[in-house]
Number of protein chains: 4
Amino acid sequence: MATDKPGVRQRRKDARPAEMVEAALDVFAERGFAATRLEEIADRVGVSKGTLYLYFESKEALFKAVVEGGFVPALAEGEALLEAGKEDPERLLRELLRGWWDLVGNTRLAGIAKLMIAESSNFPELTEHYRQNVIERGHRLMVAVLELGMARGVFRQQSAELLCHVAFAPMLMASLWRQSFGMCCKEDMNYDDYIALHLDMLMHGLLQEKTQ
Amino acid sequence: MATDKPGVRQRRKDARPAEMVEAALDVFAERGFAATRLEEIADRVGVSKGTLYLYFESKEALFKAVVEGGFVPALAEGEALLEAGKEDPERLLRELLRGWWDLVGNTRLAGIAKLMIAESSNFPELTEHYRQNVIERGHRLMVAVLELGMARGVFRQQSAELLCHVAFAPMLMASLWRQSFGMCCKEDMNYDDYIALHLDMLMHGLLQEKTQ
Amino acid sequence: MATDKPGVRQRRKDARPAEMVEAALDVFAERGFAATRLEEIADRVGVSKGTLYLYFESKEALFKAVVEGGFVPALAEGEALLEAGKEDPERLLRELLRGWWDLVGNTRLAGIAKLMIAESSNFPELTEHYRQNVIERGHRLMVAVLELGMARGVFRQQSAELLCHVAFAPMLMASLWRQSFGMCCKEDMNYDDYIALHLDMLMHGLLQEKTQ
Amino acid sequence: MATDKPGVRQRRKDARPAEMVEAALDVFAERGFAATRLEEIADRVGVSKGTLYLYFESKEALFKAVVEGGFVPALAEGEALLEAGKEDPERLLRELLRGWWDLVGNTRLAGIAKLMIAESSNFPELTEHYRQNVIERGHRLMVAVLELGMARGVFRQQSAELLCHVAFAPMLMASLWRQSFGMCCKEDMNYDDYIALHLDMLMHGLLQEKTQ
DNA sequence: AATGAATGAGAATTCATTCAT
DNA sequence: TATGAATGAATTCTCATTCAT
């Protein structure tokens, strides 16, 4: 019907910048910042090169939009998890790490993490911004969980700061692996088994021995 | 003496390609492949851009030389360690991981790992080559140690394949972190404490309970 | 009242093309043809870029409208002056030059003269058109005055053609100066004094008369 | 001979930037800054576009080199003239103005003057630099001559500052005319006659002396 | 072996112009 | 009539690569 057309148009128009950011994330993550041609992003969205400039001032601005637009929802979800699950730190920690995998590490958002690692020295201010607003925030979330577990006597006493890195590292690595070597080999590792093993190992190392 | 000069020159001349690879590693690791200008590499070595082409066919060839030239010595060292230390798998595993940190993760060689992760999709054949000749080889080394430990009854029975990834991930992450976010913040984490914690956690999770 | 609105609108609507030409004149004169963005003109008028194309076929057409629309009234005024003031050639010449300053040289119309000088080789046909219809017409006007003065014995016998250029040059220069260097320096010259001096010089000459 | 070759090369190599500035002057003067394509300049010199960037950082830098490289010799010549000719101010003034025509107004250097007038508002800092270092310097030169003449009682007492502009304006106008309307009409005015008339007028005045 | 001037293909960016609403 | 989103041709600028010396 005639009345649908404006609606469709409107939705498309409003969706454009978001589509662009999504396409840009894919290409940036695949190629890196410098090797990405704006034309490829434009092609994926189905617009012309010039159209990108209606929404983003420059290639760098688009890159920043990709990075900055990425994580807030996932972080918010994690913080909600923390509030809801304080009675069982072990389960909370498991859910947090698995949740990260499902919401970030195993999605296109993972590309942002890869990008920030690869491009950090080319975009120092952006890196600093990211570190403060994404990494630091996620870090505090995990530290809170770990300290909760220690306070409850469920986890062994350790430096929560370092433990946080140690516990998270295998998750991030799995994500980076999936985006690099994982893409080029037929029979890649089974990530769910990998994560299960990591969580198992982590808990073995982390939990107080009940019998002692 | 006059007779020394040609000798010195000769040595320098012979050292040229190696110097170039070293400088290239630094710049590639800092900027990524596409964002690296050959001129910057040439400047660091103190030669002209054209000279690079006397030794390397192209930018890509230089990149490959960087990647391929990097790990052989470190891997050989690791394999020697394995031969020498079969009587104590726990100690062997600790030495292997710490050794990787000292010989790779905490040196400029770490840049190669970062590079391969970032550029894998831009260089599929190189990535495949790297995966087979570096990763796979290192992987087999660790798997051997883990299986040794399991066979001896020192380590719990687990999938050695996955365990290998889990055990190595925190090491690699530390290295990537050092090269990215670590470079931009004043008070970075203490990597030695981090590694000690990781090893401690790993052994807690890994070792058979003696009392059981 | 509601009935007023359409009226107002209508008037505005009719005025649109003229407003556009005025704004275009300002921007073209400030930036030159190539460096002028149609968007800036549209912004000054308060319409969208597309609206310009309802009234002008192209950027070039707008430029031509600017040039062609500018001078007719001023020239007509000059020609009227000639008809009315034939009895006093000296006064007529003074009025003509001052009149040009007040109606053209010191107004935004001056921008057109600057434009035509700057852009002549980019728009040969327009230049030719301008030369024939504006310059030539003004030239004939001044030649008429000068020849009148010579015929009356008030002016020395000279080539009226060349004299016309000589007499007009300082006026045009003042106008160009005002639009270029005059705009960038705090304490610019006093144009009225300048013109007075020019007229004085023109009428009386530089050198002391030896016979006086 | 073989020994000539390096010499020829050397000369060519050293001459390159100067050739580029010359070609750039021509094209900039013909088209204006924005409408000039670097490719056209490169073509005229017989080099590739990229070669321009070996010598000039940007289009703007090349433009600045054109403007700044132009006038020093001519100004120096004028200042030498002043030193040599103080005993006859009238002749000195004539020589100065004719000299400007022969060295600047009637040469490709004239293009710079046209450029500065046309582009002043696009390059405010360059305009200011030009005003101070070229215009002001030339201005002082003429003011010195005029004041010398007044001090000697050869010239009537006038504001030397304004007089300077008045006396110079017809010269500059001739130059601008030659570069614009003069180029597009078959039978252009005779510039030598024009200059002679201007000098004559300047020296003797327009009006008949009533006492003669 | 070494140089560095020159190249030219390729990418980002701009903007006059079009067109569906 | 008016809009403004979209286009794509054109232009500046970069840099890997070549080659004469």
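Within every chain, numbering begins at 1; the chains are lettered A, B, ... in the order of the sequence lines, protein sequences first and strands thereafter. All values derive from a computational prediction rather than experimental measurement.
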d([atom1], [X]; [atom2], [N]) in whole Å:
{"X": "C/F28", "N": "E/dC15", "atom1": "CZ", "atom2": "C1'", "value": "13 Å"}
{"X": "A/E60", "N": "E/dA11", "atom1": "CD", "atom2": "P", "value": "19 Å"}
{"X": "D/F56", "N": "E/dA5", "atom1": "CZ", "atom2": "P", "value": "14 Å"}
{"X": "A/D43", "N": "F/dT7", "atom1": "CG", "atom2": "P", "value": "11 Å"}

Notebook entry, point to check: Hey, does the side chain of C/K114 reach the backbone of C/S180 with a donor-acceptor pair shorter than 3.5 angstrom?
Noted result: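 No; zero donor-acceptor contacts below 3.5 Å.
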Checklist line | Under 3.5 Å: donor-acceptor pair, side chain of B/Q179, backbone of B/A110 | finding: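 Confirmed, B/Q179 side chain pairs with B/A110 backbone.
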Next item on the list: With DNA chain E as reference, determine whether B/L52 or A/S58 sits nearer its 5' end, using the nearest nucleotide of each.
Entry: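 Nearest-nucleotide comparison on DNA chain E picks B/L52.
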Note to self: By nearest heavy atom, map A/Y53 and D/G50 onto DNA chain E; which one lands nearer the 5' end?
What the structure shows: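 Going by which nucleotide is closer to the 5' end, it is D/G50.
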In the strands shown, is [N] matched to any nucleotide by a Watson-Crick or G-U wobble pair with both distances under 3.5 Å, and which?
{"N": "E/dA11", "answer": "F/dT12"}
{"N": "E/dA1", "answer": "none"}
{"N": "E/dA20", "answer": "F/dT3"}

Next item on the list: Heavy atoms only: give me the nearest D/M20-D/V45 pair and the separation to one decimal.
Entry: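 Looks like CA-CG2, 3.9 Å.
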Notebook entry, point to check: Considering only heavy atoms, which members of residues 30-41 of chain C lie under 4.0 Å from some atom of DNA chain F?
Noted result: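 Those residues: none at all.
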Measure from the side chain of [X], starting at C-beta and using heavy atoms only, and say which of [options] lies closest.
{"X": "C/R16", "options": "F/dT7, E/dT7, F/dA2", "answer": "F/dA2"}
{"X": "C/Y55", "options": "F/dT1, F/dC13, F/dT3", "answer": "F/dT1"}
{"X": "A/L54", "options": "E/dG4, E/dT14, F/dT7", "answer": "F/dT7"}
{"X": "C/S48", "options": "E/dT13, E/dA6, F/dG4", "answer": "F/dG4"}

Note to self: Just to verify, which of C/V134, C/N133, C/T127 counts as forming a side-chain contact (heavy atoms from CB on, under 4.5 Å) with C/Y130?
What the structure shows: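 In the set C/V134, C/N133, C/T127, the residue that makes a side-chain contact (heavy atoms from CB on, under 4.5 Å) with C/Y130 is C/V134.
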Margin query: Testing B/H129, B/E57, B/E125 one by one against B/K64 for a side-chain contact (heavy atoms from CB on, under 4.5 Å), which residue passes?
Written below: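 So, applying the side-chain contact (heavy atoms from CB on, under 4.5 Å) to B/K64 and each of B/H129, B/E57, B/E125, only B/E125 qualifies.
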Note to self: Can you tell me whether the side chain of D/K59 and the base of F/dT11 have a donor-acceptor pair closer than 3.5 Å?
What the structure shows: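 When only heavy-atom distances are counted, D/K59 does not reach the base of F/dT11 through any donor-acceptor pair under 3.5 Å.
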Item checked: Quiz item: D/K49 side-chain donor-acceptor pair to E/dT7 base, under 3.5 Å ->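 For D/K49, whose side chain was compared with the base of E/dT7, there is no donor-acceptor pair (under 3.5 Å).
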Notebook entry, point to check: Can you check whether B/T51 has a side-chain N or O nearer than 4.0 Å to OP1 or OP2 of E/dT3?
Noted result: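 Yes, B/T51 has a side-chain N/O under 4.0 Å of OP1/OP2 on E/dT3.
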Next item on the list: Determine whether the aromatic ring centres of A/F33 and A/F123 lie less than 6.0 Å apart.
Entry: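 Yes - the distance between ring centres of A/F33 and A/F123 falls below the 6.0 Å cut-off.
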Note to self: With heavy-atom distances below 4.5 Å as the criterion, would you say the side chains of D/F28 and D/L62 are in contact?
What the structure shows: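 Yes, close enough: below the 4.5 Å cut-off.
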